[in-house]
Amino acid sequence: MKTILTGIRANSELTLGNYLGALLPMVRLANKHSSEYQVNIFVPDLHSIISEIDGNLQENTIKTIKYYLAAGLKINDNVHIYRQSYVPAHSELCWILNCIATMGETSRMIQYKEKSKGQESSNVGIFDYPILMAADILLYDATYIPLGEDQFQHIELTRNLAMRFNNRFGEIFTIPAKTADQVKFMGVTDGIRIRDLLNPEKKMSKSTKAENSKIMLSDEPERAAKKIMSATTDSLGKVKFDMFNQPGISNLLQIEALVNDIPLQDVVSAWAGETSYGKLKEKVAKSVLEMLTDFQEKSSNILDEEVLHLLKMGEVYANTVANEKLLEVQKAFGLR
Ligand code: TYM
């Protein structure tokens, strides 16, 4: 059985970008495939501590899992939820992979450059982040890793490390699918990148200060609708999907498609020829408002105990699988 695996950090409240770019696609894939695939969903809490944490990490973790459940994740014997730091093999394999990764390839990671930008001296964890991510993936022989577009470079790095390792030691790791195939598997034509509402050239990010730039999953739904109404557009006066020349309008079309689970092309066709941006904004604002209202009600009805129970079961599974793979790697390196 192949494995689908993904994670979202719980440093703070999640944005609509995290939700539409990673969490929701994962839930839809899991529900569609969990009879033929293992589905691993984990909270990378060790990745969290490379940067500031807003609130309490453990409470944020529980909340993030509630979001998966509120988004409709169906649990069965093939679906596993766990916390990274509860499975020590992740850190152990990260160290071993550090010893086959090169400084050159790790320094080229765009996320590292962005995250360390403007910092006088950044911590080593920021640099090592993609190697730990590779360990997260390779321990479980994952083939598909649904992620937003900003993380694709890390998948390529993971593939390279796995191939290098296998060339040296034999077929120990499954090579994750190429990013083009990941995208196909996710059922989208391109990677998903939800844009900042005020500066649509940039991705929507938790760390952006301006409140109207981002929609948080905990936003009052009416307030989120107002943010959509005040989103930056352009002066071309035609509703068209063109991320390059009309990123603001294209972002709204993308949000509309993802929130309602309609293919982007259908949304684009339905709005072709429209000249009023106001009408489009009103429709998207309504979609987001309804989505958030329903989603917040569902997540507030899930008990902490339910989540803790799922985590404990998931961690028994994850430790068993991960320790078995780790032992193979340790033997290959002569550590056992
Ligand atoms: P994190 O928490 O930074 O991001 C979580 C996911 O959200 C996606 N994302 C977006 N997608 C579309 N539009 C946006 N504006 C947007 N902002 C964020 C990210 O692409 C990501 O999919 N490194 C991972 C966590 C991780 C992981 C792993 C994932 C650690 N180990 C192993 C998969 C497999 C991350 O970026 O988390």
Side-chain angles (χ1 to χ4, degrees), residues 3-27 29 39-54 57 60-61 64 67-68 71 82-85 87 90-91 93-94 97 109-112 114-115 125-126 128-159 161 176-177 179 182-183 186 188 190-197 199-208 213-217 243 247 250-251 254-255 258-259 318 322:
T3 297
I4 313 175
L5 174 148
T6 203
I8 292 187
R9 289 180 304 148
N11 285 52
S12 64
E13 188 55 59
L14 301 186
T15 66
L16 190 68
N18 295 128
Y19 182 71
L20 296 179
L23 198 145
L24 195 58
M26 180 64 185
V27 167
L29 283 181
V39 175
N40 289 15
I41 295 181
F42 75 106
V43 179
D45 51 358
L46 293 171
H47 277 107
S48 283
I49 61 172
I50 62 157
S51 56
E52 238 174 80
I53 291 158
D54 192 359
L57 183 54
N60 294 351
T61 299
T64 302
Y67 285 166
Y68 278 103
Y82 52 93
R83 292 160 286 193
Q84 186 185 36
S85 75
V87 189
H90 290 238
S91 323
L93 182 61
C94 173
L97 293 178
M109 295 296 114
I110 296 164
Q111 285 274 308
Y112 160 64
E114 279 179 2
K115 285 198 162 74
I126 293 181
D128 212 23
Y129 178 110
I131 311 288
L132 179 57
M133 203 170 148
D136 300 336
I137 296 168
L138 298 178
L139 273 177
Y140 302 90
D141 287 316
T143 302
Y144 294 111
I145 302 106
L147 288 165
E149 191 195 36
D150 59 319
Q151 298 291 314
F152 286 179
Q153 205 187 12
H154 297 162
I155 300 295
E156 288 306 320
L157 175 69
T158 303
R159 283 171 46 82
L161 293 177
T179 46
Q182 301 278 353
V183 164
M186 281 166 72
V188 288
D190 253 319
I192 299 173
R193 175 178 296 225
I194 301 300
R195 309 296 177 119
D196 180 301
L197 295 176
N199 297 300
E201 292 76 27
K202 296 195 313 184
K203 76 161 185 171
M204 184 183 285
S205 162
K206 303 172 203 183
S207 52
T208 309
S213 286
K214 53 189 179 182
I215 291 179
M216 308 306 292
L217 291 181
M243 263 309 173
S250 306
N251 194 34
Q254 173 129 64
I255 292 174
L258 290 165
V259 166

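Everything numeric here is computed off the predicted structure, so don't read it as measured data. All ligand and atom numbering here is 1-based and tracks the order in the structure.
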Element-labelled atoms of ligand 1 that are located less than 4.0 Å from some non-hydrogen atom of Gly21: 11 (N), 12 (C)
Any nitrogen or oxygen of Asn18 lying under 3.5 Å from a nitrogen or oxygen in ligand 1? Just yes or no. yes
Checking a contact table here: which protein heavy atom is nearest atom 28 (C) of ligand 1, and how many Å away? Met133 CG, 3.3 Å
Between Met243 and Gln254, is a side chain to side chain contact (heavy atoms under 4.5 Å, CB included) present by the stated rule, with each step listed? CA-CA 10 Å; Met243 263 309 173; Gln254 173 129 64; 3.8 Å; yes
Find all atoms of ligand 1 within a distance of less than 4.0 Å from any non-hydrogen atom belonging to Ile192, and give their numbers and elements. 11 (N), 12 (C)
Taking all non-hydrogen atoms of both residues, which atom of Pro247 and which atom of Glu201 are closest, and how far apart? CG-OE2, 4.0 Å
Proximity of Leu147 to ligand 1 by residue part, where a heavy atom lies under 4.0 Å: both
Interatomic spacing from CD in Gln182 to CZ in Arg159 - rounded to 0.5 Å: 8.5 Å
Looking only at the side chains, is there a donor atom on one of Ser213 and Asp196 sitting less than 3.5 Å from an acceptor on the other? yes
Any Lys206 heavy atom less than 4.0 Å from ligand 1: yes
Looking at CG of Leu258 and CG of Leu16, how far apart are the two atoms once the value is rounded to the nearest 0.5 Å? 9.0 Å
Would you kindly specify which portion of Phe42 sits under 4.0 Å from ligand 1, judged on non-hydrogen atoms: side chain, backbone, both or neither? side chain
Here the gap from Ile145 atom CD1 to His154 atom NE2, rounded to the nearest 0.5 Å, amounts to 13.0 Å
What part of Thr15, side chain, backbone, both or neither, has a heavy atom within less than 4.0 angstrom of ligand 1? neither
Ligand 1 atoms in contact with Thr6 (distance to a heavy atom under 4.0 Å): 33 (C)
What distance do Asp136 atom CG and Asn40 atom CG have between them, rounded to the nearest 0.5 Å? 10.5 Å
If you count the atoms of ligand 1 from 1 in the order shown, which ones are under 4.0 Å from a heavy atom of Ile145? 33 (C), 34 (C)
Arg193: numbered ligand 1 atoms lying under 4.0 Å from its heavy atoms: 12 (C), 13 (N)
Could you see which bit of His47 sits under 4.0 Å from ligand 1, with heavy atoms only: side chain, backbone, both or neither? side chain
Under a 3.5 Å distance rule, please check whether Asn11 uses its side chain to pair with a backbone N or O of Glu52 as donor and acceptor. yes
I need the nearest protein heavy-atom contact for atom 19 (C) of ligand 1: residue, atom name and distance, please. Asp150 OD1, 3.3 Å
Does a donor on one side chain sit under 3.5 Å from an acceptor on the other, for Thr61 and Asp45? no
For Asp136, take its heavy atoms, then give the atoms of ligand 1 lying under 4.0 Å from any of them. 28 (C), 30 (C), 31 (N), 32 (C)
Near Tyr129 (heavy-atom distance under 4.0 Å), the atoms of ligand 1 are 23 (N), 24 (C), 35 (C), 36 (O), 37 (O)
Shortest protein heavy-atom distance from atom 36 (O) of ligand 1, along with the residue and atom involved: Gln151 NE2, 2.8 Å
Distance-only polar pair, side chains of His47 and Gln84, donor-acceptor under 3.5 Å: yes
Give me the atom names and distance for the closest heavy-atom approach of Leu57 to Ala10. CD1-O, 3.8 Å
Considering only non-hydrogen protein atoms, determine which one is nearest to atom 22 (O) of ligand 1 and report residue, atom name and distance to 0.1 Å. Gly148 N, 3.0 Å
Atom 2 (O) of ligand 1 - nearest protein heavy atom and its distance: Arg9 N, 2.9 Å
Quick one: does ligand 1 sit under 4.0 Å from the side chain of Leu5, the backbone, both or neither, non-hydrogen atoms only? side chain
At a 4.0 Å threshold, what atoms of ligand 1 neighbour a non-hydrogen atom of Met204? 14 (C), 15 (N), 17 (N)
Under 3.5 Å between any N/O of Arg195 and any N/O of ligand 1: does that happen in this structure? no
Based purely on interatomic distance, does Ala22 place a nitrogen or oxygen under 3.5 Å from a nitrogen or oxygen of ligand 1? no
Test of ring centre spacing under 6.0 Å for Phe42 and Tyr140: no
Rounded to the nearest 0.5 Å, how far apart are CG of Leu29 and CE of Met186? 7.0 Å
